[in-house]
Structure formats: structure tokens, C-alpha cells
Amino acid sequence: MQVFKFGGVSVKDASSVKNVGSLLQKVGYKNTLIVVSAMGKTTNALELVVKNYFDNKTELQSALQEVIKYHNEILLDLFDNENHEVFKKVTAFFNELNQFLSSNKSPDYNFVYDQIIGYGELVSTAIVSAYLNSIQIKNNWIDVREHIKTDNYYRSANVNWEETQQHITSNFNKTVLNITQGFLGSDPNNFTTTLGREGSDYTAAIYAYCLNADSVTIWKDVPGILNADPRYFENAQLLNQISYREAIELAFYGASVIHPKTLQPLQGKEIPLYVKSFLNPEASGTRIGKNITLDPMVPCFIVKKNQVLISLSSLDFSYIVEENISDIFNLLHLYKMKVDVIQNSAISFSVCVDNIYDNLDKLLHHLKAKFKVTCHKNVSLYTIRHYTQNAINQIEEGKTVLLKQLTQETVQVVSE
């Protein structure tokens, strides 16, 4: 049993969908589950629908029609017959979405976000499944929400592993090619939940764990895992192999090639993960497995943009002690801040956070009641694993360094 995951770029238009079919014919698809993301930038487009739903109702239908038009163009490029069943299925999904937009009463942004955003994956997989069937790659379409069960922590739901295992084990046919959605699950009331942005990788790992798969392959538009994001760093190198531990470290620090939660279930059952190029599917790519030495042994660079650096000091120059730190972390948890770096001294405490839920103003207001607060917005957090002095000089050149932290294997620099 093998699990393939295709991201949005790999199915962004009709030619890309056709390439998925060609790839499967080249590498084989026996005993395979395919996990597919929303097409292209559909998630971003649906986020605009969410924004307009709350802030600009007059533009709501216009934003939704852009999403519908985009998918209809792909359908028309893939299928000659507009009476094909897939047109009806896609239309039905968008009718469902419209019905939700007109009938929803909940003011909870995160709940509404998950109910809207999931249609990107549902429509994408319907189109890919129908196209593969049309070229005689017979497959079974699965609604992932019937398998992956979560709590109701919308936008970053936690998997109920026992229930998920039970649903997958009792409702999965391994003898056929299966296609399902990444990123999604459902809560105890059967409302749609999401696993966090880029969560399709995690979906593939969940299925692999529950099905005792032999491997997971993530198909991307890069040759494999690189030691740096080529959008921000020149001369990025392919990593031929890395260990689970190293991959988890890179993911934790923000490497975008792998979702942070993906490696944990795979490591638990020692299921190897491959990251390969859908443009060159027969190339070896990167292998992630147990007790593998990083090859080549080079510095690995990660950058996270649009972070927030908050520096706190006591109002009366008293020490920042355990009680203060506990209060600070309780507030960070309350306002759902993702903590990336912390640094403290006798009378100061600094933390670099990701303001995912847009709660920064509330947090700062609360903190100012007890501390002197300095806040730097839109900073960049650079992390280097296996750093050298030359590597540090490279990221610091021409920047104002606000915070710097070194351990034996990792350096982190926050800069403006």
C-alpha cells in the first residue's frame, strides 16, 4: 500500500491534471491512495470569500463566482461533453456552499472559515477523479470527512486517532485506487474542520499510519527537499536523504516543504516519506527515514516572514520569574499565538510569535497591564540548522538584528 499526495500546484490547471494521469501511468498506481489539495490558489480565493462574507457582502458573490469560473474553465478543458456527470457534481458542491453562505447564523470566524474553505478540496478531487476515470485509470472517490475525525478546534483541528483508525479500517477498500481530499476532517457534529494550512501532507500521513502503508510520496514542483527555499535563497541544494528527526526539526522551524505534524505518525511506524518532482517523477528525490544521516551535510536555511517580536520588561525592574513566565504563556495560549522563539534574562522576556488568528491587539492590551511592552511587527525569523559562520553572515548582511539565539546545531535570528 502506498500513499501519494498532490498539492495545489500539481493540479492548478487542465494540463497539470493531465500530468497527474501521465505520472500515475509511469510510476504505477496499484494499491494506492491519492490525497489531493485544492487547485492552484483556490484556498486563497476562498479566503477572500470568507473575508467578504464578514466584511464586504456586496463583493461576496463576485468573489465566489471567480472560484466557480476558474474550476469551470478547467472542466471545459478536460471534458468535451458538458453533460458529463462531473459538471453536476461540481455544481452541487458550489450550490451547497451558496446555501451555507445564505443560511449560516454563526458569527464564529474560524467555524465559518472551515465550512467555506473545504470546498476547494472537494471540488478538486471530484475533477481529478473524473478525469482519471475518463482515461481508464479507474478509481474510487472518498469523502475524507467520513474517515478523519477531529475535535472542533476550527482551522487547526486535533485528530481523534482512535475514532479515525476505526472509520478508516472499517470503510476502506485497498483493492482499488482511492482518491480523497487533504486538509479536511469533521468534528463530532459532522461539521467540516481543517488541519491547518498545508495540512494535506498531514492527511497523507494519517492515512498511511492507519493503513500501515509501505510509503508516502509527496509530489511537488521541486526536485525534493532543498536546503533552502529558492524564493528567498540563491543556490539551494537538493537533500538526497534526511532522518525523521532532522525533518521534524526543519518542519518545526517552518520549512514549508513538509507540514509540521506530518512526520510524527510516519516515524511511529517507520514509514518512509519521499518528496519527489511531478515534473520528473522517475528521479529519486529526497528520502526521509529512520537513522539516516543528512546528505549532503550543508547548512539548512528557513525563513518565516510577517512575524511579531514582543519584548517585555517589568514595570518596577523586578525579576521576570516563573510566575511571570507562566502568566505570559497562559496569555499566549489564550490568544492562540504560535511561539517560534523565546529569550529571557533577569528583567526581560522576548518572544517571536506568528499572529495566525489576528489576536495581537488583544494580547498587547492584556500584557501592558503588567509589563512594559515593545512590539516589532512584520519581522522575519531566520533559522539555520547546521550553521557555519559564513551562513550566519549571509542572513545578517544588511539587516537590523533584533534578537539572536544560538544552540549547538541551530541559530535563530529575528531581523527587520
Side-chain angles (χ1 to χ4, degrees), residues 5 7 9 196-198 201-202 204-205 216-264 266-267 271-277 280 283-307 309 338-343 352-354 379-399 401-415:
K5 180 261 176 174
V9 177
R197 286 298 297 265
E198 310 302 329
D201 293 356
Y202 187 32
V216 174
T217 302
I218 297 173
W219 297 98
K220 301 183 75 69
D221 60 345
V222 292
I225 297 178
L226 307 178
N227 76 318
D229 189 329
R231 294 175 296 176
Y232 306 115
F233 300 93
E234 296 179 356
N235 304 316
Q237 294 179 250
L238 175 67
L239 302 176
N240 300 315
Q241 61 177 34
I242 58 176
S243 66
Y244 290 122
R245 175 187 171 86
E246 187 65 39
I248 289 171
E249 291 279 1
L250 293 174
F252 173 79
Y253 289 118
S256 60
V257 74
I258 304 172
H259 189 274
K261 296 179 181 177
T262 299
L263 278 303
Q264 292 160 341
L266 299 181
Q267 184 182 29
I271 299 169
L273 171 65
Y274 297 90
V275 180
K276 296 186 177 184
S277 169
N280 187 13
S284 56
T286 302
R287 182 177 187 269
I288 305 171
K290 184 180 179 182
N291 298 330
I292 295 176
T293 303
L294 180 65
D295 175 32
M297 180 60 73
V298 293
C300 296
F301 299 84
I302 302 156
V303 60
K304 297 183 74 173
K305 302 283 189 176
N306 302 316
Q307 305 298 289
L309 179 64
K338 184 182 183 304
V339 176
D340 293 311
V341 185
I342 58 172
Q343 190 175 88
C352 186
V353 299
D354 199 345
V379 299
S380 296
L381 170 61
Y382 292 88
T383 303
I384 312 175
R385 291 276 297 165
H386 314 294
Y387 61 88
T388 63
Q389 188 57 51
N390 285 339
I392 296 174
N393 294 342
Q394 179 182 336
I395 64 167
E396 289 184 349
E397 184 178 0
K399 301 180 180 70
V401 175
L402 302 173
L403 182 149
K404 183 174 180 178
Q405 189 164 270
L406 289 86
T407 63
Q408 185 174 357
E409 293 184 321
T410 305
V411 61
Q412 293 189 283
V413 174
V414 178
S415 68

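If you're wondering where the values come from, they're calculated on a predicted model, not measured in any experiment.
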Please examine the side chains of [Y] and [X], heavy atoms only from C-beta on, and report whether any two atoms are closer than 4.5 Å.
X: Lys220; Y: Val9; value: no
X: Tyr387; Y: Leu406; value: yes
X: Tyr232; Y: Tyr382; value: no
X: Asn291; Y: Ser243; value: no
X: Ile225; Y: Ile288; value: yes
X: Glu396; Y: Val413; value: yes
X: Lys5; Y: Val216; value: no

Practice prompt. Tell me, yes or no, whether the heavy-atom count around Lys290 atom NZ, taken from other residues, nucleotides or ligands under 6.0 Å, exceeds 12.
Written response: no
Find the distance between [atom1] ([X]) and [atom2] ([Y]) and round it off to the nearest 0.5 Å.
X: Leu239; Y: Cys300; atom1: CG; atom2: SG; answer: 5.0 Å
X: Thr286; Y: Leu238; atom1: OG1; atom2: CG; answer: 4.5 Å
X: Leu403; Y: Gln343; atom1: CG; atom2: CD; answer: 4.0 Å
X: Asp295; Y: Ile242; atom1: CG; atom2: CD1; answer: 11.0 Å
X: Ile392; Y: Lys404; atom1: CD1; atom2: NZ; answer: 5.0 Å
X: Lys305; Y: Arg231; atom1: NZ; atom2: CZ; answer: 10.0 Å

Check for a donor-acceptor pair, side chain of [X] on one end and backbone N or O of [Y] on the other, with a separation under 3.5 Å.
X: Asn227; Y: Gln237; answer: yes
X: Gln241; Y: Thr293; answer: yes
X: Glu249; Y: Ala247; answer: no
X: Gln267; Y: Arg245; answer: no

Worksheet item: Would you say the side-chain atoms of Gln389 and Asn393 include a donor-acceptor pair closer than 3.5 Å?
Response: yes
Worksheet item: Is the NZ or CZ atom of Lys304 positioned over Phe252's six-membered ring, under 6.0 angstrom from the centre and within 45° of the axis?
Response: no
Worksheet item: Given Arg385, which of Leu294, Val411, Leu250, Val298 fulfils the side-chain contact (heavy atoms from CB on, under 4.5 Å) condition?
Response: Leu250
Item to complete: Could you go through the side-chain contact (heavy atoms from CB on, under 4.5 Å) check for Tyr253 and Leu381 one step at a time?
Response: CA-CA 9 Å; Tyr253 289 118; Leu381 170 61; over 6 Å; no
Nearest heavy-atom pair of [X] and [Y]: which atoms, and what distance?
X: Tyr244; Y: Pro272; answer: OH-N, 3.5 Å
X: Lys399; Y: Gln394; answer: NZ-O, 4.3 Å
X: Asp340; Y: Val353; answer: OD2-C, 4.1 Å
X: Lys276; Y: Ser284; answer: CE-O, 3.6 Å
X: Ser277; Y: Pro223; answer: CB-CA, 4.0 Å

Item to complete: Please assess Val341 against Gln405 for the test side-chain contact (heavy atoms from CB on, under 4.5 Å), listing each intermediate value before the final yes or no.
Response: CA-CA 9 Å; Val341 185; Gln405 189 164 270; 3.8 Å; yes
